Protein chains: 2
Amino acid sequence: MRQNPERRTALIDAAIEVLADQGARGLTFRAVDTQAGVPIGTASNYFANRDALLTQAGQRVFQRLDPGAEVVGEALALPRTRASVERLMHEMVGRITAFRSGFLAMLELRLEATRRPELAKVLTDQIRANLQENIDFHLQSGMPGDAETVVMLYLALNWLIVERLTLPEVFGDERTKELVTAAVNQIVPPR
Amino acid sequence: MRQNPERRTALIDAAIEVLADQGARGLTFRAVDTQAGVPIGTASNYFANRDALLTQAGQRVFQRLDPGAEVVGEALALPRTRASVERLMHEMVGRITAFRSGFLAMLELRLEATRRPELAKVLTDQIRANLQENIDFHLQSGMPGDAETVVMLYLALNWLIVERLTLPEVFGDERTKELVTAAVNQIVPPR
DNA sequence: AACTTACCACTACACATGAAGTGGTGTCAA
DNA sequence: TTGACACCACTTCATGTGTAGTGGTAAGTT
């Protein structure tokens, strides 16, 4: 169990790529080593077993998905209108879609959580916290819409991203943007 | 490449279970044989390769997810109100959630489609057709809401099911029902 | 300055698992 | 008898884990 924190992080990031590329079953120490460009055996020296790798990858995805402080700052400076909500949602969808491997890895982890109670627990906590943060932020920002609104947007936009990342031909690029807008318009109540 | 159609179907259904249980990488001929309770080598005799198994499993899920004619008939007999839409949505979520392995298998297939263009093509066609059917049915039924409404419900409810099937603790049983209702109320416009 | 200690990168290996594919045998029915 | 299929055995191959071991380096010690 080695210490070097940068290397450790690099390995976890490599694990995320492997998850997205090859699925949960493809996540082996060797695959991580190869992806990270380090000698075989390295990941094995850094993580006790696959479970550790899995759960740490799960936590790391959330860490990397967190919008920076600037984004949050900018958001709070926006006028409290539906148009702002729309803009924020476009930003969010764009940000998550851009971290393709992260989202796909998270889906793989969810599926894997089906077979690993421990992983399920970790992910559940993260998702709950994340959703609550979004709700709190939204309410605090004074934007139109209540907690239920946030949950609905969470549901609709998540599947939109699934569609976008797994079967991009179902909705094209343009249609995706339209749907983000449509979701906001339909779900956020008029003032 | 054997013919016996019942056995073939039984193998494909077994493949769906394997997909849900063990993931796409776990889908091997042997695993299918074991799941189906047939001798090792059987699946290998029925399918040329894993690709064939994968794509046929993908098609089969949709086939099994199709609501029966009675459900459709009943639906058309319902009054054209929001309450009816709600009822239909509850029915749909219930039906899909009940076919747990089918939905999970489909998610696995989506992820696998990321790496297999051929599979992606098959799934894209199926999803498109399925969504279009839903839209047509809805419009034809005279229920409140337009095509966009159907798409929004499709998006929101799909992720709700993901949540339900992969991390059931995030939203409990009760909360899930509430959210179906909330989705319909927020997305289907008042008359 | 030489020595020691601890950590770490890297290598190598022993052991285990699991799968594909093929070829062959038995069985039943036309 | 011939053909189609169920079933089984065996060979071959690929991949991964865990761990032990080697050598290098840097920091602190005497």
Side-chain angles (χ1 to χ4, degrees), chain A residues 1-58 60 101 105 108-109 111-116 118-119, chain B residues 1-58 60 105 108-109 111-112 114-116 118-119:
Chain A
M1 199 74 83
R2 305 298 168 76
Q3 298 308 330
N4 185 335
E6 290 85 17
R7 207 172 168 96
R8 186 174 219 92
T9 305
L11 287 170
I12 297 177
D13 283 337
I16 292 173
E17 298 304 314
V18 173
L19 276 171
D21 277 5
Q22 320 204 40
R25 282 279 274 253
L27 187 74
T28 65
F29 287 130
R30 282 174 150 63
V32 172
D33 291 334
T34 304
Q35 174 70 36
V38 299
I40 303 293
T42 305
S44 179
N45 286 330
Y46 272 83
F47 303 92
N49 47 44
R50 277 184 73 235
D51 271 63
L53 210 44
L54 246 7
T55 57
Q56 289 180 47
R60 175 77 176 146
S101 55
E108 292 282 359
L109 288 171
L111 258 2
E112 189 66 16
T114 280
R115 304 148 213 152
R116 291 174 190 269
E118 176 140 350
L119 180 58
Chain B
M1 197 74 83
R2 304 300 168 77
Q3 296 310 327
N4 186 336
E6 291 83 18
R7 206 172 168 96
R8 184 173 220 93
T9 305
L11 287 169
I12 297 177
D13 284 337
I16 292 172
E17 297 305 314
V18 173
L19 277 171
D21 277 5
Q22 321 204 40
R25 282 280 275 253
L27 186 74
T28 65
F29 288 130
R30 283 174 149 65
V32 172
D33 292 332
T34 304
Q35 173 70 36
V38 298
I40 302 292
T42 305
S44 179
N45 286 332
Y46 272 81
F47 303 92
N49 47 45
R50 279 183 72 236
D51 271 63
L53 211 44
L54 247 7
T55 57
Q56 289 180 46
R60 176 78 176 143
E108 292 282 0
L109 287 171
L111 258 1
E112 189 67 16
T114 280
R115 305 146 212 151
R116 292 175 190 269
E118 178 141 349
L119 180 58

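Since the structure is predicted, the reported quantities are computational estimates derived from the model, not experimental observations. The chains referred to below are lettered A, B, ... by the order of the sequence lines, with proteins before strands, and numbering in each begins at 1.
As a whole-Å value, the separation of R25(B) CZ from dT17(C) C1' is 15 Å. One can place CG of D33(A) at 15 Å from P of dA12(C), the figure rounded to the nearest angstrom. Rounded to whole Å, atom P of dT22(C) lies 13 Å from atom CZ of R30(B).
Of the residues in residues 47-55 of chain A, not one places a heavy atom less than 4.0 Å from an atom of DNA chain C.
Closest to the side chain of S44(B), from the set dG16(D), dT22(C), dG18(D), is dT22(C).
Between F47(A) and R8(A) there is a side-chain heavy-atom pair separated by less than 4.5 Å. Two residues are said to be in side-chain contact when any heavy atoms from C-beta on lie closer than 4.5 Å; R7(B) and T9(B) fail this criterion.
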Contact letters for nucleotides 5-11 of chain C, in which S counts primed atoms plus P, OP1 and OP2 and B counts the base, heavy atoms under 4.0 Å: ---SBBB
Expected list for residues 16-31 of chain B: side-chain donor-acceptor pairs under 3.5 angstrom, two or more places apart:
{"residue": "E17(B)", "atom": "OE2", "partner": "S101(B)", "partner atom": "OG", "Å": "2.8"}
{"residue": "T28(B)", "atom": "OG1", "partner": "A31(B)", "partner atom": "N", "Å": "3.1"}

For a quick test of your reading: what N or O donor-acceptor pairs under 3.5 Å do the side chains of residues 38-45 of chain A make, sequence neighbours left out?
{"residue": "T42(A)", "atom": "OG1", "partner": "P39(A)", "partner atom": "O", "Å": "2.6"}
{"residue": "N45(A)", "atom": "ND2", "partner": "G41(A)", "partner atom": "O", "Å": "3.2"}

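D13(B) is linked by a side-chain hydrogen bond (donor to acceptor under 3.5 Å, both in side chains) to R60(B), R64(B), counting only residues two or more places apart in sequence or in another chain. For E112(A), the salt bridge (charged side-chain N to carboxylate O under 4.0 Å, His left out) criterion is met by R115(A), R116(A), not counting sequence neighbours.
One finds the CG atom of L53(A) at 8.0 Å from the CG atom of L11(A) (value rounded to the nearest 0.5 Å).
Looking at D51(B), its side chain never comes within 3.5 Å of a backbone N or O of L54(B) through a donor-acceptor pair.
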